[in-house]
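The structure under discussion appears below in the form of structure tokens.
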Amino acid sequence: EEENDFYLSIIDGEASKDIRKSAIEALGYSDKNIDILLEIAKTGDKASKEKAINVLKSFSDARIDEFFENSAKKKK
């Protein structure tokens, strides 16, 4: 839990792009972070979005399925 809070503080802070990407990747250790990762995938900068999307692919969850379905519809 403490580590999770630390990673979240890095993402919300003024960390460099590479450090933010590493913190986003670390959030993938717990499915409790799915909503946070989905939010980053929707609203983050390009590098953060890409990393969050890659991390989300490791989970099996209806919220993630819906996100990818909606993303695919927008690209059409």
Hits for side-chain contact (heavy atoms from CB on, under 4.5 Å) against F6, two or more places apart or cross-chain, chain-then-number order -> S9, I10

Kindly state each residue pair satisfying side-chain hydrogen bond (donor to acceptor under 3.5 Å, both in side chains) with at least one member in residues 52-68, sequence neighbours excluded.
D35-R63, D61-R63

Drop me the distance from L38's CG to L56's CG, to the nearest 0.5 angstrom.
5.0 Å

Less than 4.5 Å apart, any side-chain heavy atom of L27 and any of N4?
yes

Of all heavy-atom pairs between A52 and A41, which one has the smallest distance, and what is that distance?
CB-N, 3.9 Å

Contact check, side chains of F68 and I53, non-hydrogen atoms, under 4.5 Å:
yes

Donor-acceptor pair, side chain of S71 and main chain of F67, under 3.5 angstrom:
yes

Please tabulate, for side-chain N and O atoms in residues 16-25, each donor-acceptor pair with protein atoms closer than 3.5 Å (sequence neighbours left out).
residue, atom, partner, partner atom, Å
S16, OG, I19, N, 3.4
R20, NH1, A15, O, 2.7
R20, NH2, D45, OD2, 2.9
S22, OG, D18, O, 3.2
E25, OE1, K51, NZ, 3.4

